Novice: 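Before we start, here is the structure in question, set down as structure tokens.
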Amino acid sequence: MIQLESITRSFALGKEQIRVLNDISLTIAEGEFVAIMGPSGSGKSTLMNIIGCLDKPSSGEYYLGGENVSGYSENELARVRNQSIGFVFQQFHLLPRLTALKNVELPMIYAGVSKAERQERAEEALTKMGLRDRMDHLPNALSGGQKQRVAIARAIVNKPKLILADEPTGALDTKTSISIMEQFQELNSEGVTIVVVTHEPEVAEYANRTIMVRDGRLQSASAADGR
Amino acid sequence: MSFFENLMMALSSLKAHKMRSILTMLGIIIGVGAVIIVVAIGQGGEAMLKTQITGSGNTMEMFYQPSDEEMRANPNIFLEAPFKQEDIRALEQIPEVKRVVASSTKMSAAKFKEKSVDISSTGINKAYLQINELNVAKGRSFSAADFLGGSRVGLISNKLQEELFKGKNAVGKIILVANQPIEIIGVLEKPTGLLAFGSMEIYLPFQTWKIIYGSSDYTQVTLQAASAEQLQTAGKKAANLLNKMHNTEKSYQVINMEEIAQGIGQVTRIMTLIIGSIAGISLFVGGIGVMNIMLVSVTERTREIGIRMALGATRGQVLTQFLIESMTLTLIGGMIGILLGWGVSEVVSLFAGWPSLISWEVVVGGVLFSMVIGVVFGILPANKAAKLDPIESLRYE
Ligand SMILES: Nc1ncnc2c1ncn2[C@@H]1O[C@H](COP(=O)(O)OP(=O)(O)OP(=O)(O)O)[C@@H](O)[C@H]1O
Ligand SMILES: [Mg+2]
């Protein structure tokens, strides 16, 4: 599903180049549930952004679903994000002026889905997240856990094969975190590949495999590392 | 993503900042409103000027302007009516001429019981009624028989009824005009319009007038052509004909409409230029205001833009979203401006007494123009939005 080959990512800081990711090679198979852990500032989010096609590596090759997306144009990357990837963020990132339903409809708007179908699919996704009676609420009127469920509904509504979650439980209490992780587990059991960045070992326990990042390099991985 | 969805999105985001949106529109509202008012009043005024000079219903007045020689030969020439009965008959034979309206006016005294006033007394032919709207408020108008038989009947102006009858109904009363008894069969409507003062007048069938004043000549002749295109030809032919009949070079004249149209055009052009540049400046300033607010909006919504991009919006789609938003802003402003301009020009034309000329071309032009302003001044902010980096935008607080 995901294949990274010698990925580096550097940022220019004044005259210097800081290398945030250094020679990262990594394979994640379809249907895996992977946790990425590591100290703050180690480059986890940077790595997630590259996997999520929001950012391009400075060097190295990235294959997503067999396609070399390193050479894709911006519009092609936008299509990949829209069709093949679902994002879940720590701060939920819902649009505050749109209802839960409209928020979930957003990815389908950019996919060119008709209005009627959009509504039907958004309702379906929200129902699956247990938010059937919260569809017309604005994000303001939802609890943290409910917001994150709306975000998950939005991430799955275009039926992507891959879901990327950067600290999805970072803003939630333990009990809510558990239910969110159970949600991910259920999605994973339906065949969706899931990559979660987290600081919490309890969260990482839901994954089949944990990848450690330290100073921009992959450190050690658990026994199931494919490479 | 369809235009309609973009429009709905734009409307809802403008609605989220109602006050700000309306204040931003103000420049556009005033600019577009000013343009509409100028065009409407300009066209209304021009139309009124043209009808005053050339007459409504494709009519054109004939003039008699004697040459120096003729004046030397006959010093009293101005006291004589220039159009003879046979002139009228000859004019009626010109194919382009549909009607010849002829009338003669003299000042004389009108008496009712002991009261006497000075009035203008006009003898008219039948065609006169068809061209000039002598709207009868009370009583009846002239019949064909009145013209043929020279009945001793007359129509008086409202002002004369006020003076001579203290406003009481004058229909059926008999007054003395130049010491001849005339029965009043109708009273004309009060003239409308702010600048119209009523004058004391009586209208008589020409046959009657002829007997009273002992003159069969006309002081005024107006031609009516079958169509506006034929009017100029009809006028030229008529002038040539009369000059030939009277053996004059060019004493009988009609107004050269082309010259006048040119003159009016020049005045209008200068006025349009002046007001146009004022409107242009206010639209430009309004446009800058729109650009400013859109830039603020883009900054405020950086996170939203990042989210949309993460969910699969292309840079083109973000650009379109903000362009349509600024266009919607100016479009609404433009529509309010059109309504405002419409209202003001209706009021002005009501007071000035000319038709308000809001054409659909002006409305459509105003709508399109305000949309263009939105697009032009929206390009910079929309481009800024489209160029944002998705990762940084998502991190934006
Ligand atoms: N656009 C950028 N320009 C310069 N430096 C950057 C940029 N983005 C990230 N960095 C640097 O790269 C390093 C890794 O950042 P990253 O956000 O990937 O860390 P992280 O592992 O996600 O940390 P955390 O656990 O706190 O979220 C940090 O030192 C950060 O300052
Ligand atoms: Mg991070």
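Model, not experiment: these values are computed from the prediction.
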Novice: Please classify the contact between A:N49 and chain B as side chain, backbone, both or neither, with a heavy-atom cut-off of under 4.5 Å.
Specialist: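 The side chain, not the backbone.
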Novice: Indicate yes or no: at least one non-hydrogen side-chain atom of B:E5 is less than 4.5 angstrom from one of A:R118.
Specialist: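 Yes, their side chains come closer than 4.5 Å.
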Novice: Any heavy-atom pair between the side chains of A:R97 and B:R301 that's under 4.5 Å?
Specialist: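 Of all side-chain heavy-atom pairs linking A:R97 with B:R301, at least one is under 4.5 Å.
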Novice: For atom CD of A:E16, is the number of surrounding heavy atoms from other residues, nucleotides or ligands below 6.0 Å larger than 12?
Specialist: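 No, because the 6.0 Å sphere around CD of A:E16 holds 12 heavy atoms or fewer from other groups.
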Novice: May I have the step-by-step check of side chain to side chain contact (heavy atoms under 4.5 Å, CB included) for B:L311 and A:R81, ending in yes or no?
Specialist: CA-CA 6 Å; B:L311 297 179; A:R81 291 197 297 270; over 6 Å; no
Novice: Can you name the nearest heavy-atom pair linking A:A78 to B:A313, along with the distance?
Specialist: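 Looking at all heavy atoms of both residues, the shortest contact is CB-O, 4.0 Å.
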Novice: Which pair of heavy atoms, one from B:A310 and one from A:F89, lies closest together, and at what distance?
Specialist: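 Smallest interatomic distance, heavy atoms only, reads CB-CZ, 4.2 Å.
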Novice: Check step by step if side chain to side chain contact (heavy atoms under 4.5 Å, CB included) holds for B:M309 and A:E74.
Specialist: CA-CA 10 Å; B:M309 284 177 165; A:E74 289 206 345; over 6 Å; no
Novice: Side chain to side chain contact (heavy atoms under 4.5 Å, CB included) between B:R303 and A:L95: does it pass, once the steps are laid out?
Specialist: CA-CA 9 Å; B:R303 190 116 80 112; A:L95 295 194; over 6 Å; no
Novice: So, do B:I307 and A:R154 sit near enough that their side-chain heavy atoms are less than 4.5 Å apart?
Specialist: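 Answer yes - side chains close enough.
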Novice: A:L94 versus chain B, heavy atoms under 4.5 Å apart: side chain, backbone, both or neither?
Specialist: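 Contact with chain B involves the backbone of A:L94 alone.
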Novice: Roughly how far apart are B:R308 CZ and A:N82 CG, rounded to 0.5 Å?
Specialist: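 One finds 12.5 Å between CZ of B:R308 and CG of A:N82.
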Novice: Could you go step by step and tell me if B:T314 and A:E76 meet the side chain to side chain contact (heavy atoms under 4.5 Å, CB included) rule?
Specialist: CA-CA 9 Å; B:T314 62; A:E76 286 170 320; over 6 Å; no
Novice: Check the surroundings of atom CZ in B:F284: do more than 12 heavy atoms from other residues, nucleotides or ligands lie under 6.0 Å from it?
Specialist: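 Open: at most 12 neighbouring heavy atoms sit under 6.0 Å from CZ of B:F284.
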Novice: Is any side-chain heavy atom of B:I391 closer than 4.5 Å to a side-chain heavy atom of A:T46?
Specialist: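 The answer is no; the side chains never approach within 4.5 Å.
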Novice: Quick check on the interface: out of B:S13, B:S12, B:G316, B:G312, who has the most heavy-atom pairs with chain A under 4.5 Å?
Specialist: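 Option with the greatest count: B:G312.
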Novice: Check the surroundings of atom CG in A:N75: do more than 12 heavy atoms from other residues, nucleotides or ligands lie under 6.0 Å from it?
Specialist: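 Yes - once you tally the heavy atoms of other residues, nucleotides and ligands closer than 6.0 Å, there are more than 12.
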Novice: Please say whether more than 12 non-hydrogen atoms of neighbouring residues, nucleotides or ligands are located less than 6.0 Å from CZ in B:R20.
Specialist: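 Yes - once you tally the heavy atoms of other residues, nucleotides and ligands closer than 6.0 Å, there are more than 12.
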Novice: Would you say A:K56 has more than 12 foreign heavy atoms packed within less than 6.0 Å of its NZ?
Specialist: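 Enclosed: over 12 neighbouring heavy atoms sit under 6.0 Å from NZ of A:K56.
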Novice: Hey, could you give me the CG/CG distance between B:L394 and A:L54, rounded to the nearest 0.5 Å?
Specialist: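 Result: 6.5 Å between the selected atoms.
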